Protein chains: 2
Amino acid sequence: MDQRIELRHLRYFLAVAEELHFGRAAQRLNIAQPALSQQIRQLEKIVGVELFRRTSRSVRLTDAGATFRPRARDLLGRLAADLDEAGRVGRGEAGRLDVAFITSATTIVSERLRAFSRRRPDVQIKLHDGFTVDVLAALERGTADVGIVRDAEERDGIDLSPLRTERFVAVVPAEHPAARGQRVEAATLAADPLILFPRTAGPQAFDVNTQPLRDAGIDVQVAQECSNWHTIVMFVASGLGVTIAPYSVTTLLPAGARRLELDGPPAVSRILMATRRGDNRPLVQAFTAASEPVTDRGHHWDNSQGRPS
Amino acid sequence: MDQRIELRHLRYFLAVAEELHFGRAAQRLNIAQPALSQQIRQLEKIVGVELFRRTSRSVRLTDAGATFRPRARDLLGRLAADLDEAGRVGRGEAGRLDVAFITSATTIVSERLRAFSRRRPDVQIKLHDGFTVDVLAALERGTADVGIVRDAEERDGIDLSPLRTERFVAVVPAEHPAARGQRVEAATLAADPLILFPRTAGPQAFDVNTQPLRDAGIDVQVAQECSNWHTIVMFVASGLGVTIAPYSVTTLLPAGARRLELDGPPAVSRILMATRRGDNRPLVQAFTAASEPVTDRGHHWDNSQGRPS
DNA sequence: TGTATCGATAAGTTTGAACTATGGATCAGC
DNA sequence: GCTGATCCATAGTTCAAACTTATCGATACA
C-alpha cells in the first residue's frame with residue numbers, strides 16, 4: 001500500500017549514501033543488512049525513482065539520490081535545531097517576552113532588563129509602554145506577558161507583587177516661595193493649582209498620589225490634567241502650578257522646576273509586577289523571580305543623583 | 001529508553017495543534033484517541049518539554065509548542081517538495097545536464113537546446129564549448145553528460161550517434177581568381193596556402209576535412225595552423241590562404257572571404273552526439289532521444305542565409 | 001446532582017521493522 | 001575456468017511498539 005515516509009528512511013538513506021555500502025551502513029546503524037535494504041527499497045518506492053544504482057559489487061548514487069542527499073541532510077539538521085529550540089523555549093531559555101510598563105518606571109524596567117537579558121541572551125524582549133490601565137489591559141488581552149504598574153488595585157485574573165516603593169516629593173516652580181528651602185509641608189501647597197494625571201487614568205494610583213495632600217486636610221482639586229509625568233513636570237517648570245510625584249519621575253527635572261521633600265506622614269508609591277493569574281510559563285516565572293522587592297530606593301539617590309544643573 | 005523522533009510525531013503534533021482537540025485530531029488521522037495521546041506524550045518526552053497544556057476540558061499550545069508548530073509545518077512541506085524534486089530528477093524532468101560541444105556546432109546545439117528546454121523547463125543546462133578532443137575528455141572524466149563532436153573516431157567507453165551531416169565547401173579570399181565563380185574544383189586550390197586546424201586537435205576530423213583535397217590528388221600541407229574556425233576564416237579573408245570547411249562554419253563570412261561549392265566526389269562532415277557508454281540516465285536519454293539524424297542541412301541554407309553584406 | 005465531554009490509563013492485538021538463513025551475481029586468485 | 005570471497009536481494013520468522021477497545025477521573029453544564 002501507500003507507505004508513509006518516516007525519518008528512519010532519511011537516516012538510513014544518508015548512511016548508505018555516505019558509506020556506499022549496505023553492509024557497512026547497516027553496521028553503523030546497528031541493524032542487519034537486509035533490514036536496511038528493505039527500508040531503502042521502501043523509500044525508493046515512496047519517491048518513485050531509484051536513489052541508488054547497485055550491482056552486486058558496487059553502490060552508486062543516482063542523479064535523484066545525489067539531489068536528495070543534501071536535502072535530507074539539511075532536513076535532519078533543521079529538525080534537530082527546531083527540537084532544540086522548542087526545548088529551550090519550554091525551559092524558558094529562549095523565546096519572546098512581551099513586557100508592558102508604565103513610562104514612569106522606565107528606570108526600573110531597564111535595570112531589570114539588563115540583568116535579565118544577560119542571563120537569557122536568547123530571549124527576545126518586546127517592550128510596550130503606557131499608563132497603568134493600558135498595561136493591565138495588555139496583560140488581560142494577552143498582548144503582554146508581564147506588566148509593571150504603579151499603585152494598581154487588585155483585580156481578578158491578575159497577580160500583583162510589590163517590586164519596590166518610592167516616597168512622594170513635591171515639585172514646584174523655581175519662583176515658588178517654598179522653592180528657597182529643601183522641604184515643604186503639604187498644607188503650604190493648598191493654594192497652588194495642582195497639576196496631575198486624570199483620576200480615570202488610574203484611580204488607585206491617583207488616590208495614593210494625592211494622599212499627602214489629603215493628609216494635610218486639603219480638598220484635592222486638579223487644576224490642570226496631563227496624561228504623563230513628563231508633561232506635568234514641564235508645566236510645573238512653566239509656573240502653571242505644583243505637583244506631587246513619585247521620587248523617580250523627578251530625577252531629571254527641567255530648569256525652572258524644583259524638587260522638595262514632603263513633611264508629614266510618609267506616603268509611598270508602590271511599583272508592582274503584574275502577571276496573569278496561573279501563568280506559570282517558565283519565561284514569565286524567570287522574569288518575575290528576578291524581582292525582589294526593594295524598599296524606597298529613592299533614598300539612595302538623594303545625594304548621588306540630584307536634579308540637572 | 002531514548003526514543004527517536006519520527007515524522008509521525010510531527011504529523012500527529014500538527015493535527016492536534018490545529019484541532020486543539022485530541023478526539024477530533026485522532027479522527028482526522030484515522031487512529032484512535034489513546035494512540036494519539038501516547039504519541040504526543042512520546043514526542044514531549046523527546047523534546048523534553050510540554051507542547052500542549054491540557055485540562056480535561058481544553059487543549060492549548062504551550063510557548064514551546066507554539067514555537068515548534070510552524071517549524072514542523074515547514075519541515076513537512078520541505079520534505080514533500082524535496083521528495084517531489086528527487087522524483088522529477090529521477091524521471092529526467094528536472095536536474096542539471098552538462099553539455100559539451102564543439103564551437104563549430106553552436107548553431108545545432110542552440111537549436112536543440114531551445115527545443116529541449118521548452119519541453120523540460122526545470123532542467124538546468126550547463127554549456128561547455130571546446131574542441132572535439134576536449135569534449136570527449138570532458139565526457140570521459142564526467143565533467144560533461146553529453147557531447148557534440150565532429151568526425152570523431154569510435155573509442156572505448158563512448159557511444160557516438162550521428163546527428164547530421166554537412167558538405168564541405170571551399171573558402172577563398174575575395175581576390176582569389178576562383179572567387180569570381182560559384183564553384184571550384186579542389187585541384188584548383190593546389191597552389192594556395194592551406195589554413196586549417198592542427199591535425200593533433202582531431203586526427204579523424206582533420207582527415208575527413210582534407211579528403212576533398214586528397215581526392216583531387218593534392219598532397220595536403222597545412223601552411224598556417226589555427227585552432228578554431230573563426231580565426232581560420234578571418235585569415236582567409238586577410239588573403240593569407242584558403243581553407244576547406246564544413247558548410248555551417250561559413251554561414252557568416254567576414255567581408256573579404258568567399259564561399260565556393262566544391263566540385264568532385266561529395267565529402268561530408270558528420271556531427272555526432274557522444275555519451276558515456278551505459279549512461280542511461282533519463283536526462284541523458286531524453287536529450288539524445290530528441291536527436292534524429294538530419295542529412296546535409298547545409299543545402300537548406302544555401303539561399304536563405306547568404307554571407308553578410 | 002446527574003449527564004456529557006474529554007484526555008489519561010490499562011490491557012490486549014496487530015502491524016511491520018528487524019532478525020537469521022540463504023540465494024545469486026560479480027570479482028580475484030590459483 | 002574453477003573456487004572462494006564479497007555483497008546485495010530474498011524468504012521466513014520474531015518481537016517491539018503502535019494501535020485497538022474498554023474504562024477511569026476530572027470538568028463543565030443543565
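To find a chain, count down the sequence lines: A is the first, B the second, and so on, and within it residues start at 1. Because the structure is a prediction, the values reported are computed rather than measured.
- Side chain of B:Q42, nearest nucleotide from D:dA18, C:dA18, D:dT20: D:dA18.
- The distance between atom CD of A:E19 and atom C1' of D:dC8, rounded to the nearest whole Å, is 15 Å.
- Residue A:L36 contributes atom CG, which lies 14 Å from atom P of D:dC7 at whole-angstrom precision.
- A salt bridge is absent between A:E18 and A:R24: the closest approach of a Lys/Arg side-chain nitrogen to an acidic carboxylate oxygen does not fall below 4.0 angstrom.
- Whole-Å rounding puts the B:L43 CG to D:dA18 P distance at 12 Å.
- We find that CZ of B:R8 is positioned 12 Å from P of C:dG16, with the value rounded to whole Å.
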Can you check nucleotides 6-10 of chain C for protein contacts, nitrogen or oxygen pairs under 3.5 Å, and list what you find?
from	atom 1	to	atom 2	distance (Å)
C:dC6	OP1	B:H21	NE2	3.2
C:dC6	O5'	B:H21	NE2	3.3
C:dC6	O4'	B:S56	O	3.4
C:dG7	OP1	B:F22	N	3.0
C:dG7	OP2	B:F22	N	3.4
C:dG7	OP2	B:G23	N	3.2
C:dA8	OP1	B:R54	NE	2.6
C:dA8	OP2	B:S37	OG	2.8
C:dA8	N7	B:Q33	NE2	3.0
C:dA8	N6	B:Q33	OE1	3.3
C:dT9	OP2	B:R41	NH2	2.5

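- Between B:F13 and B:F52, the ring center distance clears the sub-6.0 Å criterion.
- The interatomic distance linking B:R53 (CZ) with D:dA26 (P) rounds to 18 Å, in whole Å.
- Across B:V208 and B:S269, no two heavy atoms sit closer than the pair CG1-CA, 4.4 Å.
- Counting non-hydrogen atoms under 4.0 angstrom, A:E6 reaches nothing in the nucleic acid.
- Residue B:Q39 contributes atom CD, which lies 9 Å from atom C1' of D:dA17 at whole-angstrom precision.
- With B:D63 as the partner, the salt bridge (charged side-chain N to carboxylate O under 4.0 Å, His left out) test is satisfied by one option alone out of A:R88, A:R281, A:R96, A:R91: A:R281.
- A salt bridge links A:D74 with A:R78: at least one charged nitrogen is closer than 4.0 Å to a carboxylate oxygen.
- Atom C1' of nucleotide D:dA18 and atom CG of B:L29 are separated by 13 Å, given to the nearest angstrom.
- No more than 12 heavy-atom neighbours from other residues, nucleotides or ligands sit within 6.0 angstrom of CD on B:Q27.
- Counting non-hydrogen atoms under 4.0 angstrom, A:F52 reaches nothing in the nucleic acid.
- If you take CD1 of A:I31 and C1' of C:dT20, they are 14 Å apart, rounded to a whole angstrom.
- Within 6.0 Å of CZ in B:R73 there are 12 or fewer heavy atoms belonging to other residues, nucleotides or ligands.
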